[in-house]
2 protein chains.
Amino acid sequence: MTRAGSWVPTTPPTLADVAEVAGVSRQTVSNAVNNPDLLRPDTLARVLDAIDELGYSPNRAARNLRTRSSHLIGLRFAPAQEHTANALMDRFVHSLVETSSAAGYHVLLFPGDPEDPTAGYDQLLRSTAVDAFVATDTYLGNPQATWLETRRAPFVAFGRPWDNEEAVHPWVDVDGAAGVELATTHLVERGHQRIAWVGWRKEQVIGEDRRAGWTRAMRSRGLSTTGLASRSDDTVHSGREASAHLLDEASPTGFVCASDTLAMGVLHTLGERGLVAGRDVAVVGFDDSQVAQVVPPGLTSVRQPLEEVAVEIVRHLEGLLTHPPVRGGGVLLTPELVVRGSS
Amino acid sequence: MTRAGSWVPTTPPTLADVAEVAGVSRQTVSNAVNNPDLLRPDTLARVLDAIDELGYSPNRAARNLRTRSSHLIGLRFAPAQEHTANALMDRFVHSLVETSSAAGYHVLLFPGDPEDPTAGYDQLLRSTAVDAFVATDTYLGNPQATWLETRRAPFVAFGRPWDNEEAVHPWVDVDGAAGVELATTHLVERGHQRIAWVGWRKEQVIGEDRRAGWTRAMRSRGLSTTGLASRSDDTVHSGREASAHLLDEASPTGFVCASDTLAMGVLHTLGERGLVAGRDVAVVGFDDSQVAQVVPPGLTSVRQPLEEVAVEIVRHLEGLLTHPPVRGGGVLLTPELVVRGSS
DNA sequence: GTGAAAGCGCTAACAT
DNA sequence: ATGTTAGCGCTTTCAC
């Protein structure tokens with residue numbers, strides 16, 4: 001019985017099949033795949049030919065069982081919130097898939113149980129379904145990072161452990177303050193002096209961090225920030241109200257926002273008042289969402305280097321998964337500003 | 001040696017560990033997990049207690065090896081194109097993750113090699129890393145579906161096999177023509193008579209399908225379509241130019257677009273001419289992207305029922321993965337119209 | 001209803 | 001440099 005030709009699908013070829021065709025032992029085939037250097041060139045060639053001929057690819061389950069590793073990275077996939085402009089996940093996931101694939105890992109998606117945020121992690125961990133996790137939602141008070149640490153689960157966080165100074169897990173994050181500082185400085189250089197901040201509520205650590213970038217940029221130029229800041233929810237509506245209020249009370253000529261969603265609210269207000277973004281008033285958002293890219297006249301926005309984030313995460317992951325593990329520290333990346341018509 | 005208490009992580013408990021604690025044999029534990037009906041209630045309870053106590057979860061690799069199935073669904077993850085408003089993937093992936101998880105499957109993401117679109121599929125298939133695929137980019141000329149069919153790989157397509165009438169694989173798709181018809185009728189009911197179509201190039205089968213919905217709605221009301229159609233690339237710029245041209249030549253009072261991206265171009269043109277969307281001219285997009293949701297005054301758009309799509313896909317998948325497989329046919333779902341300020 | 005034996009396909013350790 | 005042996009943890013016969 002041959003497998004060649006136009007045969008109906010059978011069970012895939014195994015190591016033993018290849019060994020037989022190549023006239024070597026199974027172990028030699030295994031070595032050809034995993035430690036080619038151990039083989040004599042001519043033996044290697046013969047084995048590789050056989051592998052090619054049969055279309056052999058090692059059975060993952062068997063390999064996983066033996067090596068106690070799945071080469072799978074778990075990622076809890078939460079979708080972008082509706083009615084916001086925030087769609088980082090899409091870009092990030094793509095970068096992660098690309099990068100980890102290059103490193104020999106695949107990405108396993110699992111849903112989050114809102115009731116029990118650690119449930120999905122626990123399940124995958126105990127069943128040894130994944131080798132490690134990438135934790136993306138490490139916001140204040142989220143128990144995941146701490147939980148993963150106590151479980152000694154290998155994981156890298158996308159996001160700083162804001163709330164936990166004892167955290168020792170590796171993380172990668174983007175310097176929001178630096179991004180907003182970039183944005184603010186950009187407006188200053190465009191001649192603006194009264195630049196307003198449209199941000200999130202005080203409880204949002206990330207929002208406060210971004211706000212600090214605005215404060216820093218303003219102060220370093222000797223510009224006043226008094227009466228120029230507002231904080232609200234991350235909705236278009238809030239951005240609209242906040243900017244209307246700011247325009248009335250403080251007559252800013254520029255707005256720096258904690259998100260593209262809020263920036264859209266600002267554009268909304270400008271439109272209502274017959275003001276033209278980029279001509280009468282400058283607006284800068286955060287995240288370089290698709291909205292920023294397509295809304296007329298184009299929204300200047302802070303863009304997170306998600307490709308780099310993925311690269312750093314995978315680098316950390318590879319470190320964690322070697323024997324013995326190499327624990328890296330935190331990595332803070334700097335975003336860039338994408339300038340468009342709105343400024 | 002006990003595993004209980006605050007012990008440092010060891011290798012996870014196995015079937016044998018549970019068996020020992022419960023005072024039964026390994027098979028009985030296996031049965032307790034997979035065929036609880038076979039056990040006597042008291043034995044079952046004892047085993048479940050032991051499972052709980054040890055925090056046992058079956059080792060996936062071992063189970064996969066034995067059952068020759070991974071309970072993993074492969075999905076090639078392509079990111080949303082930059083500079084378009086299209087971000088379906090995010091919503092779809094989430095729905096798929098949720099639904100397949102409920103059915104006991106996880107989603108495995110893999111990157112697409114632009115050079116060789118079938119490479120990733122082939123690899124996963126041969127290494128038996130996934131049980132099935134969900135193929136999302138089954139556009140005209142894409143070899144994936146055909147390739148998967150000849151390989152007899154279990155897969156469900158999100159998208160009709162437009163180009164291949166001999167295709168027998170299960171698919172789920174959204175009726176774009178019906179969606180556009182909905183949109184057009186909506187404008188007619190709002191009193192519009194001269195409704196323009198801003199679509200994609202003729203080669204885009206999906207675009208032609210959507211266009212047919214416009215034609216159908218117009219003709220059924222006895223409205224002329226002459227001079228009211230345009231076709232271009234799926235970019236904001238194209239939508240802008242096309243709508244400018246249409247306004248000059250045919251004075252439409254409403255625009256139905258093949259995508260939110262094109263609709264954004266139309267909004268752009270309206271803004272330039274001092275026309276207000278929703279008051280002077282009505283605009284409808286397609287996809288209900290985040291852009292449609294946040295752009296002022298809100299873009300009316302056709303929304304694909306991606307949650308339902310995921311449900312149908314998983315239903316088909318479950319059929320394919322039973323023994324013997326149950327091959328379903330195609331499923332065509334109807335989108336809905338989300339009405340906002342632009343109409 | 002429960003237990004014993006076998007083996008899925010692979011790789012680590014050792015022997016040659 | 002290549003072959004032999006053993007076993008990862010599980011489920012599937014098949015006895016009892």
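Computed from a prediction, not measured in an experiment: that's the story for all the values here. Order of the sequence lines fixes the chain letters, A, B, ..., with proteins taken first and strands second; residue numbering starts at 1 for each chain.
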Check your understanding: ring-ring contact (aromatic ring centres under 6.0 Å, His included) with B:Phe133: which of B:Phe155, B:Tyr105, B:Phe77, B:Tyr121?
Key ->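 When ring-ring contact (aromatic ring centres under 6.0 Å, His included) is applied between B:Phe133 and each of B:Phe155, B:Tyr105, B:Phe77, B:Tyr121, only B:Tyr121 qualifies.
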Worksheet entry | Minimum-distance nucleotide (side-chain atoms of B:Leu65 versus C:dG3, C:dA6, C:dG9) |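 Closest nucleotide to the B:Leu65 side chain: C:dG9.
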Q | From C:dT11, C:dG9, C:dG3, nucleotide with atom closest to A:Thr14 side chain | A |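 So the side chain of A:Thr14 is nearest to C:dG9.
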- Task: Determine whether any donor atom in the side chain of B:Arg40 lies under 3.5 Å from an acceptor atom in the base of C:dT2, or the reverse, and answer yes or no.
- Result: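 Checked by distance alone, the answer is no.
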Open item on the list: Students often get this wrong, so: under 4.0 angstrom with heavy atoms, is B:Arg26 touching a base, only sugar-phosphate, or nothing?
Closed with: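 The residue B:Arg26 makes base contact.
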Classify the nucleic acid contact of A:Asn64 as base, sugar-phosphate or nothing, counting any heavy atom under 4.0 Å across all strands shown.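 Answer is nothing: A:Asn64 stays at 4.0 Å or more from every strand.
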Measure from [atom1] on [X] to [atom2] on [N] and round the result to the nearest Å.
X: A:Arg66; N: C:dC8; atom1: CZ; atom2: P; answer: 16 Å
X: A:Arg63; N: C:dA12; atom1: CZ; atom2: C1'; answer: 14 Å
X: A:His71; N: C:dC10; atom1: NE2; atom2: C1'; answer: 13 Å
X: A:Asn59; N: C:dT11; atom1: CG; atom2: P; answer: 9 Å

How bent is the helix from C:dG1-D:dC16 to C:dT16-D:dA1, measuring the angle between the end axes built from five pairs each, rounded to 10°?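 Answer for the end axes of this duplex: 30°.
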Kindly say whether [Y] contributes a backbone atom to a donor-acceptor pair with the side chain of [X] at under 3.5 angstrom?
X: A:Asp131; Y: A:His71; value: yes
X: B:Asp17; Y: B:Thr14; value: yes
X: B:Glu98; Y: A:Pro111; value: no
X: A:Thr99; Y: A:Leu96; value: no
X: A:Thr43; Y: A:Leu39; value: no
X: A:Arg76; Y: A:Phe110; value: no

Flag side-chain contact, heavy atom, 4.5 Å: A:Glu308 against A:Val174
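Answer no - side chains too far apart.
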With a sphere of 6.0 Å drawn around CD of B:Glu149, does it hold more than 12 non-hydrogen atoms of other residues, nucleotides or ligands?
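Correct, the count exceeds 12.
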| 5' to 3' contact window, DNA chain D with chain B (heavy-atom distance under 4.0 Å) |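 Nucleotide range in contact with chain B: D:dG9 to D:dT12.
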- Query: When the nearest nucleotide of DNA chain C is assigned to B:Leu44 and to B:Ala62 on a heavy-atom basis, which residue is associated with the more 5' position?
  - Reply: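 Nearer the 5' end of the strand: B:Leu44.
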Look at A:Ser30 and C:dC10 and indicate whether a side-chain polar atom (N or O) is within less than 4.0 Å of OP1 or OP2.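 Answer is no, no contact under 4.0 Å.
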